[in-house]
Structure formats: structure tokens, C-alpha cells
Amino acid sequence: MQVLSKPDIAGLLHRLVARELPSGSTLEAWDSFLRAHATLMRRLELDLSQATGLALADFDVLAQLARAGGELRMTDLAARVLVSRSGMTRRVARLVEEGLVQRANADADGRGVVVALTDAGMARLTETAPVHLRGVSELFLAQLDDHELAVLKTALDKITVDCTFG
């Protein structure tokens with residue numbers, strides 16, 4: 001097995017990028033997007049967890065249910081929260097144990113599962129939402145002007161695809 005030198009390794013990556021992106025496009029925007037996303041998510045997760053004890057993913061479940069009027073089918077909830085169905089099943093089971101949501105069979109056909117906010121879930125959302133929204137405001141919105149936010153939204157909307165997870 002031949003070990004490449006550091007310059008050879010860097011050159012290999014450079015050649016691969018040049019071959020896949022022949023127009024001269026760089027990965028700088030992609031790198032910036034990934035770093036911004038990772039930084040924001042880590043900070044929002046840490047800030048919410050430290051201030052309220054609630055995980056960001058659990059907050060997202062509660063917020064998505066509230067946005068939908070208090071309840072959603074499990075499949076729709078999983079699509080909105082962008083996690084797999086099995087991951088959503090485990091998360092919802094934990095939230096049921098905590099009394100923040102409840103599960104029921106769907107009325108229409110009895111095959112689907114509906115997840116609904118409980119009074120305790122609404123109270124927890126009411127307690128945690130201001131902390132999360134302050135973080136979004138300070139870490140993201142305050143860093144960009146209205147024009148930059150509009151351009152960013154338009155650009156990201158162009159590349160948003162179906163994010164349904166299996």
C-alpha cells in the first residue's frame with residue numbers, strides 16, 4: 001500500500017474538485033453554509049438545553065405540533081421535523097413518558113397515529129420558545145439585514161428538496 005505525501009493528498013482533492021466542478025465553481029459557499037449550520041445548531045442546542053433542560057429536537061416537535069394547531073399524524077410530524085420515522089417514534093415515546101404529548105389512533109382509518117400536544121407540552125413550549133427565539137434572533141437574524149435575509153431565503157428555497165427520511 002502506497003502512502004501519499006501531504007501535497008499529493010491535497011493535490012488529489014484539488015483534482016477531484018476540478019473534475020466535478022469544471023466551471024471553476026468553488027466549494028467556499030458550501031463550506032460556509034455547512035459551518036454556519038453546524039455553528040448555529042450547536043449554539044441553539046446548547047443555549048436551549050442549558051437554560052431550560054429541553055433538547056432542541058424535542059422543542060422542534062412541540063413547535064411543529066403547535067404550528068399545526070396542536071396535533072399531526074406521526075408521518076407528517078416526522079416530515080416536518082426532518083427525522084426518520086423510527087427516530088420520531090422513539091422521540092415521541094420519550095415525550096409521551098414526560099407527559100408533553102399524547103398518541104392516539106387516527107379517527108379516519110385507525111391505521112395511522114396522531115400525536116397531540118398536552119397541556120404540559122403547551123406549558124413547556126411557552127417556557128422554552130422565548131429562549132430559542134432569542135437565540136435565533138441574536139445568532140442569525142441580527143447578523144443579516146433584510147435584503148440579505150431575502151436573498152438567502154430565495155437561494156435556499158431553490159435548492160430545498162423533499163427531505164422525507166425513510
Side-chain angles (χ1 to χ4, degrees), residues 27-166:
L27 293 177
E28 290 176 359
W30 176 246
D31 288 341
S32 292
F33 169 77
L34 290 177
R35 290 179 190 285
H37 178 266
T39 300
L40 287 169
M41 298 311 290
R42 280 193 302 258
R43 283 289 311 274
L44 291 170
E45 172 72 40
L46 183 63
D47 291 352
L48 187 67
S49 179
Q50 286 181 342
T52 70
L54 188 68
L56 184 58
D58 291 342
F59 172 83
D60 193 22
V61 169
L62 301 179
Q64 294 301 331
L65 290 170
R67 283 183 174 165
E71 67 179 37
L72 282 168
R73 282 179 160 289
M74 181 74 88
T75 54
D76 295 333
L77 180 59
R80 288 182 182 213
V81 179
L82 305 178
V83 299
S84 68
R85 281 185 224 151
S86 62
M88 181 53 64
T89 300
R90 289 188 299 273
R91 183 164 303 284
V92 166
R94 196 170 57 257
L95 292 172
V96 166
E97 287 178 17
E98 294 177 22
L100 302 178
V101 301
Q102 60 187 14
R103 252 189 309 226
N105 288 334
D107 290 336
D109 57 20
R111 293 179 300 173
V113 174
V114 173
V115 180
L117 275 172
T118 62
D119 290 343
M122 280 302 301
R124 193 78 162 111
L125 182 61
T126 301
E127 167 198 345
T128 56
V131 173
H132 177 66
L133 294 172
R134 272 193 301 274
V136 170
S137 178
E138 292 169 7
L139 298 170
F140 181 70
L141 299 174
Q143 306 306 314
L144 304 168
D145 63 33
D146 289 343
H147 176 73
E148 290 168 324
L149 288 169
V151 168
L152 182 60
K153 181 192 179 316
T154 300
L156 294 175
D157 284 349
K158 285 181 178 181
I159 58 174
T160 299
V161 295
D162 178 16
C163 292
T164 304
F165 293 85

* To do: Could you tell me whether the side chain of Gln102 reaches within less than 4.5 Å of the side chain of Val115, counting heavy atoms only?
  => no

* Structure fact -> Shortest non-hydrogen pair, Leu77 vs Met88, comes out as CD2-SD, 3.8 Å

* To do: State, yes or no, whether a side-chain contact exists between Leu44 and Val136 at a heavy-atom distance under 4.5 Å.
  => yes

* Is the number of heavy atoms from other residues, nucleotides or ligands under 6.0 Å of Asp119 CG greater than 12? -> no

* Structure fact -> Closest heavy-atom pair, Ala120 versus Gly99, reported as atoms and distance to 0.1 Å, is CB-O, 3.5 Å

* Under 3.5 Å donor-acceptor, Thr118 side chain and Leu100 backbone -> yes

* Can you list every salt bridge (Lys or Arg N to Asp or Glu O under 4.0 Å) pair that touches residues 45-70, not counting sequence neighbours? -> Arg43-Asp47, Asp58-Arg91, Asp58-Arg94

* Grab the two heavy atoms, one from Arg80 and one from Leu72, that are nearest each other, plus how far apart they are. => CD-CD1, 3.7 Å

* Asked: Are any of the side-chain heavy atoms of Leu54 and His132 separated by less than 4.5 Å?
  -> no

* Write down the atom of Leu62, the atom of Val101, and the distance for their closest heavy-atom approach. => CD2-CG1, 3.9 Å

Tell me which donor-acceptor pairs under 3.5 Å the side chains of residues 137-151 have, and how far apart each pair is, sequence neighbours excluded?
from   : atom 1 : to     : atom 2 : distance (Å)
Gln143 : NE2    : Glu138 : O      : 3.0
Asp145 : OD1    : His147 : N      : 3.0
Asp145 : OD1    : Glu148 : N      : 2.7
Glu148 : OE1    : Asp145 : N      : 2.8

* Salt bridge Lys153-Asp157, side-chain N to carboxylate O under 4.0 Å -> yes

* **Closest heavy-atom pair and its distance - Leu125, Pro130** => O-CD, 4.5 Å

* Asked: With side chains defined as the heavy atoms from C-beta onward, is the minimum distance between Glu98 and Leu95 less than 4.5 Å?
  -> yes

* Asked: Under 4.5 Å between any side-chain heavy atoms of Arg73 and Val113, yes or no?
  -> no

* Structure fact -> Nearest heavy-atom approach of Val131 to Ala51 is CG1-CB, 3.8 Å

* Quick one: pull up CZ in Arg35 and CH2 in Trp30 and give me the separation to the nearest 0.5 Å. => 12.5 Å

